[in-house]
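See below for the structure under consideration.
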Amino acid sequence: TKTDCQHSQRAGKLPILPARLHDRGDIGIAAQLAIKATGVAGALGPSRCGVGCSTTFISPLIIAGICPVNRDSIDYILSKNGTGNAIIIVVGGAAESLNCTPGKNSVTLRNRKGFVKLALRHGADLVPVYSFGENEVYKQVIFEEGSWGRWVQKKFQKHIGFAPCIFHGRGLFSSNTWGLLPYSKPITTVVGEPITIPKIDNPSQKEVDFYHGVYVDSLIKLFDKYKGRFGLPETEVLEVN
């Protein structure tokens, strides 16, 4: 995994970086949190914390500094002062993982606005982030809406907190065999410029909608800016669900 970062920091501001969820976990941003070799650590500052659903805590991602994605945890992290602290939220959650397939670039974001409200309440900058190539490292069976497979996945998602996926990677000794190892494909995480968010103790829905729109537009612009560099045609668009 490698990173192309553009990030500015202002004293006392704690940025929120909404990330996307891969079908086997958030490989791109998790790798950036866990290691310093890619350069993202320097871009995000000395202190970074990722937040995920409760089921994350049964996975190895806990070693990357994951904490529960609930209001108390996020309020506590965002109440800290100092330059260079950051919180990474997987906004799309389990729902986003169901649509991850090679050759597709999509995010579950259209109706996910809670992170914007939190940013407004704390005056925390929002930073657009996208990982190119993340869907290429595994192949997944995609069940269409209305199918029995999607019905089972949504039931699991509702009652347990995660959606089971049928997927495969490469084998241990050959890329021509099936296994659980990821295919050898580059993942490049790009980090855009922070969006300045005012501090509003009780933001209205209109204010939340406005800054949510600003974030979505910034994410699309970030995708469009770098898509050609990572092998995507100029006609490729980021699908926002």
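Remember, predicted model here, so these are calculated numbers, not experimental data.
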*Does a side-chain heavy-atom distance below 4.5 Å link Val127 with Val191?*
yes
_Please give me the minimum heavy-atom distance between Gly103 and Glu136, naming the atom from each residue._
N-OE2, 2.8 Å
_For residues Tyr211 and Ile220: do they belong to one hydrophobic cluster (side chain heavy atoms under 4.5 Å, members Ile, Leu, Val, Met, Phe, Trp, Tyr)?_
yes
*Begin from the C-alpha positions of Glu207 and Ile200 and carry the test side-chain contact (heavy atoms from CB on, under 4.5 Å) through to its verdict.*
CA-CA 9 Å; Glu207 291 167 328; Ile200 305 174; 3.7 Å; yes
*Can Phe115 and His212 be said to form a side-chain contact (heavy atoms from CB on, under 4.5 Å), step by step?*
CA-CA 9 Å; Phe115 71 98; His212 179 267; 4.2 Å; yes
*What's the verdict on side chain to side chain donor-acceptor pair (under 3.5 Å) for Asn105 and Glu239, showing C-alpha distance, side-chain angles and the deciding distance?*
CA-CA 6 Å; Asn105 291 280; Glu239 181 181 322; over 6 Å; no
*How long is the gap from CD1 on Ile197 to NZ on Lys199, to the nearest 0.5 Å?*
13.5 Å
*Rounded to the nearest 0.5 Å, how far does NZ of Lys225 lie from CG of Leu222?*
7.5 Å
*Taking the side chain from Arg150 and the backbone from Glu145, do they hold a donor-acceptor pair closer than 3.5 Å?*
no
*Do Trp151 and Phe143 have ring centroids that are under 6.0 Å from one another?*
no
*Kindly compute the distance separating CD1 (Ile89) from CG (Leu118), expressed to the nearest 0.5 Å.*
6.0 Å
_Phe132/Phe223 aromatic ring centres below 6.0 Å_ = yes
_In this structure, would Phe230 and Leu219 fall into the same cluster of hydrophobic residues linked by side-chain contacts under 4.5 Å?_
yes
*Is it true that Val137 and Trp178 fall in one hydrophobic cluster, defined by side-chain heavy atoms closer than 4.5 Å?*
no
Pairs under 3.5 angstrom only: tabulate donor-acceptor contacts from the side chains of residues 158-174 to other protein residues two or more places apart or in another chain.
| residue | atom | partner | partner atom | Å |
| --- | --- | --- | --- | --- |
| His168 | ND1 | Tyr183 | OH | 3.4 |
| Ser174 | OG | Asn176 | N | 3.1 |

*asked:* Main chain of Lys117, side chain of His122: is a donor-acceptor contact present, judged purely on distance under 3.5 Å?
replied: no
*asked:* Run Asn241 and Arg110 through side-chain contact (heavy atoms from CB on, under 4.5 Å) and show every step you take.
replied: CA-CA 5 Å; Asn241 301 313; Arg110 190 175 304 279; 5.9 Å; no
_Please determine whether residues Leu120 and Val216 belong to a single hydrophobic cluster, defined as Ile, Leu, Val, Met, Phe, Trp and Tyr linked transitively by side-chain heavy-atom distances below 4.5 Å._
yes
_Counting only heavy atoms not in Lys113 (residues, nucleotides, ligands), do more than 12 fall under 6.0 Å from its NZ?_
yes
_Please determine whether side-chain contact (heavy atoms from CB on, under 4.5 Å) holds for the pair Val91 and Thr108, giving the CA-CA distance in whole Å, both sets of side-chain angles, and the decisive distance to 0.1 Å._
CA-CA 7 Å; Val91 176; Thr108 300; over 6 Å; no
*Work out which heavy atom in Tyr130 is nearest to a heavy atom in Ser106; give both atom names and the distance.*
OH-N, 4.1 Å
*Of the non-hydrogen atoms in Ser131 and Ile187, which two are nearest, and what is the gap between them?*
CB-CG2, 4.1 Å
*Nearest heavy-atom neighbours spanning Gly228 and Glu234*: CA-OE2, 3.9 Å
*How many angstroms lie between atom NZ of Lys227 and atom CZ of Arg229, to the nearest 0.5 angstrom?*
14.0 Å
*Indicate if Phe210 and Ile195 have the same hydrophobic cluster label, given that clusters are the connected sets of ILVMFWY residues with side-chain heavy-atom separations under 4.5 angstrom.*
yes
*asked:* My understanding is that only residues two or more places apart in sequence, or in another chain, count here; which of them pass side-chain hydrogen bond (donor to acceptor under 3.5 Å, both in side chains) with Gln205?
replied: Asp209
